[in-house]
Amino acid sequence: MELIAAAPPSHRRSGAAHGGEPGPGARLPPTVQPVRAVVWLCHLALPLAGLWLLLGQPDTDLIWHDAVSHFWLVVAVALVNVVLGVRMSAAAHRRADARLFLVSLAFLASAGFLLLHGLATPGVLVHHASLGFDLAQPVGLAVAAVCAVASALPLPQRPAGGRLARWQIAAAVVLGLLVAGWAAVSLLDLPPLDRPVTARDVTGPVEVMALASIPLYLIAALRYYLLHRRRPAAMLISIITAFTLLAEAMLAVTLADKWHLSWWEWHLLLTAAFAFVAYSAYVQYGREGSSAGLFDAITLAQTGRAIRAQYEAALEELVSVLEERERTGQPSRAPVAARLRERFGLTEGQAAVLDRAGAALAAERQLSRRLAALVAVGEQARLGLADEEFLARVLDEVQPAYGAVRIHLGSGPPRETGLAAYPLTVKGRLAGVLQAPHPAGPREADLLATLASQLSIALENARLYRELETLFRRYLSPDVAAALLADPDQAALGGSLVEVTALFADLRGFTTFSEAVAPAEIVRMLNRYHGVAVPCILDNGGTIVQFVGDALLALFNAPARQPDHAERAVRAALAMQAAVAGIAEREPDWPRFRIGANTGPALVGNIGSETLRGFNAMGDAVNVAARLQGLAEPGQVVIGEATLRAMGTPVATRSLGELTVKGRVAPVRAYVVTQ
């Protein structure tokens, strides 16, 4: 008994009763700890040692023939343990668990036939000794052994539909009919159970059945021991001990002569086996204050997971009700507490504790949601949205956590009265007001003040991001600016190898033109040309890498990926020439653009130093694009063979053949786009 009660606290916290694994800090199970294992084995070895002593020393194996004492002892023990088996069976039905049901059958069979053995005590209800008296307990122990070993085997998880319930009912009916039939034949002194008895309860073929039952109990005990190592629980220790004692009882009933002390020993072994389980259930009931989960440690792993899920769902239900109560202000939460109390067999005190725990958890979750909303507000600021869109997104994040809050921008009075107001400031000036229902206490008031402070910072940051974005877009291509704003780490030095289409454009005769006109005229011309050229590139998804005097370099497929980058580059080049042609008609003295484009791998990334860097691309494909631009005539677009092959849409071209370009040994096949 002491061994069961001493299950360490770490086991009780491990969740083993519900199919969980012990935590990393859990202590060893009692049957694994060396000292406790020795004590436990001694408890099991002492009965065998006593049986050996009594049988080996016949002088000590005294006879005590007291029919009345036997009757009341056996009947009382059997009735108590029939109740224990019925409670197990009810728990198995409630949990729909096959293992627990088979264990309950083992206890019902052994306790039921023990009751039949007691009722057939000669000289009480039946006037003479009979086979019904002798064989009742060996048969009951044999039936229980089959159920015990079946429960310890790997069992299928819950069958679909009502098959498990039907199987349980059928097995219970068969056992009930067997017990009832035995009782009728034995107590009415009918054949064949009315035959005279021998010196021992078990002889002949029945002895083989009895001895075959012993290893079944030991196999079951071993299997439950392995389960206990994975899921430590006091109830599992009791089951292991009970099955081992039942095996010893079967050995004693096979070897002992009736009414000798060795014969009385198996009665005591049965009593101890039942008592271990009953005492374990009593200890667990005293610890938990409820009978709902007394036998959950025996259940299948799937049942344990279902029990945990049921507990979690119940707690979620309680928390949801409490949160709803907080939002609506309705005071009643008795219905959910009553449902949980009925569902889990809780006492009023336990329901009250659970209620308070749910309230604390609901408050904690509410606080977590509010803190998460504060973080989300700060993240929205990095998007650089307009004030109206920024506030709309902020309210989507804030209202689920803070309730019916409102945000008004401007320095005028709040639009709604009767609400608490918290100022929003940007750069030390009033920018708006946060309004919310009056806080219920200091903690909520502090949270609202923190929210107003975070909103002020986020609003200022959102405006700053818009200013930065506008500034960046004047000096960087939109794709590069957007990438840096979304992830500043992309500004780090380095790059990656990417297939790109590079577009080079410059003005043929720019140097001669610059010598003949004033600098102001040069600036006016460049701004006019670039003013129409840049949109042509950007509209087709290109990234302008740099302006160098009259020349520009644009990339396609970097940094944004574009499967049709070659086609985009050619389309942008043709659009540039068409736009510039319109200007050149009005300014015939101005030089014209010539454009080259080429496709191939290039190292794309940030190039420069730690203090100053720029987004650029390097590689043979980019160099060839520059050389093709140098070969083009004013108003022409010259592309490389790789670009022509990469285009999905055919384009009209005129071949220039294989050309030798400066700085490159291999010739380049080039084409003039004529469309």
Side-chain angles (χ1 to χ4, degrees), residues 17-19 77-116 137 139-153 155-159 162-180 213 216-217 219-221 223-224 227-228 233-247 249 270-271 273-282 284-285 291-304 306-307 345:
H18 302 143
V77 172
L79 286 175
V80 169
N81 290 286
V82 166
V83 173
L84 179 64
V86 170
R87 292 298 299 271
M88 275 192 184
S89 181
H93 177 73
R94 185 174 65 254
R95 300 298 192 197
D97 189 86
R99 174 183 288 160
L100 183 55
F101 178 72
L102 287 170
V103 173
S104 72
L105 281 187
F107 276 85
L108 285 172
S110 56
F113 277 92
L114 179 63
L115 177 62
L116 296 177
Q137 196 53 49
V139 170
L141 286 174
V143 174
V146 173
C147 296
V149 76
S151 73
L153 296 177
L155 294 172
Q157 300 300 332
R158 300 183 181 189
R163 284 186 294 167
L164 179 60
R166 291 193 296 271
W167 175 77
Q168 289 179 342
I169 293 173
V173 168
V174 170
L175 179 61
L177 291 175
L178 180 61
V179 172
S213 301
L216 297 183
Y217 279 119
I219 292 172
R223 298 279 303 182
Y224 278 101
L227 177 63
H228 173 66
M235 183 59 70
L236 287 176
I237 303 176
S238 302
I239 294 296
I240 297 166
T241 307
F243 285 162
T244 307
L245 292 177
L246 290 179
L270 286 173
T271 302
F274 296 136
F276 263 93
V277 178
Y279 182 69
S280 180
Y282 170 76
Q284 186 168 332
Y285 178 82
S291 61
L294 291 182
F295 307 108
D296 287 350
I298 308 172
T299 58
L300 296 167
Q302 184 189 24
T303 304
I307 293 171

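Since the structure is predicted, the reported quantities are computational estimates derived from the model, not experimental observations.
In this structure, the side chain to side chain contact (heavy atoms under 4.5 Å, CB included) partners of L79, at least two apart in sequence or on a different chain, are V75, L115. Remark: V77 engages L73, N81, L114, T271, F274 in a side chain to side chain contact (heavy atoms under 4.5 Å, CB included) (not counting sequence neighbours). Listed by chain and number, the residues in a side chain to side chain contact (heavy atoms under 4.5 Å, CB included) with A150 are L102 (sequence neighbours excluded). Residues passing the side chain to side chain contact (heavy atoms under 4.5 Å, CB included) test with A171 are F101, L105, sequence neighbours excluded.
Annotation: side chain of L84 is not in contact with side chain of V80 (no heavy-atom distance under 4.5 Å). I239 is not listed as a side-chain neighbour of F276, based on a closest heavy-atom distance of 4.5 Å or more. Contact check for D97 versus Q302: no side-chain heavy atoms found under the 4.5 Å cut-off. Between L100 and R94 there is no side-chain heavy-atom pair separated by less than 4.5 Å. Counting only heavy atoms from C-beta outward, the side chains of M235 and I298 approach each other to under 4.5 Å. Here the side chains of L141 and F113 are not in contact, with every heavy-atom distance at 4.5 Å or above.
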Test log, rule side-chain contact (heavy atoms from CB on, under 4.5 Å), inputs L108 and M88: CA-CA 9 Å; L108 285 172; M88 275 192 184; over 6 Å; no
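Contact record, A106 with A144: O-CB, 3.2 Å, taken as the closest heavy-atom pair. A145 approaches Y217 most closely through the heavy-atom pair N-OH, 3.3 Å. Summarising the geometry of S280 relative to S238, their closest heavy-atom pair is CB-OG, 2.9 Å, with the distance given to 0.1 Å.
Taken to the nearest 0.5 Å, the CZ atom of F295 stands 11.5 Å off from the CZ atom of R95.
Counting only residues at least two apart or in different chains, side chain to side chain donor-acceptor pair (under 3.5 Å) contacts with residues 139-152 comprise S151-Y224. A side chain to side chain donor-acceptor pair (under 3.5 Å) check over residues 102-113, counting only residues at least two apart or in different chains, returns nothing.
When atom types are taken as modelled, the side chain of T244 and the backbone of I240 share a donor-acceptor pair closer than 3.5 angstrom.
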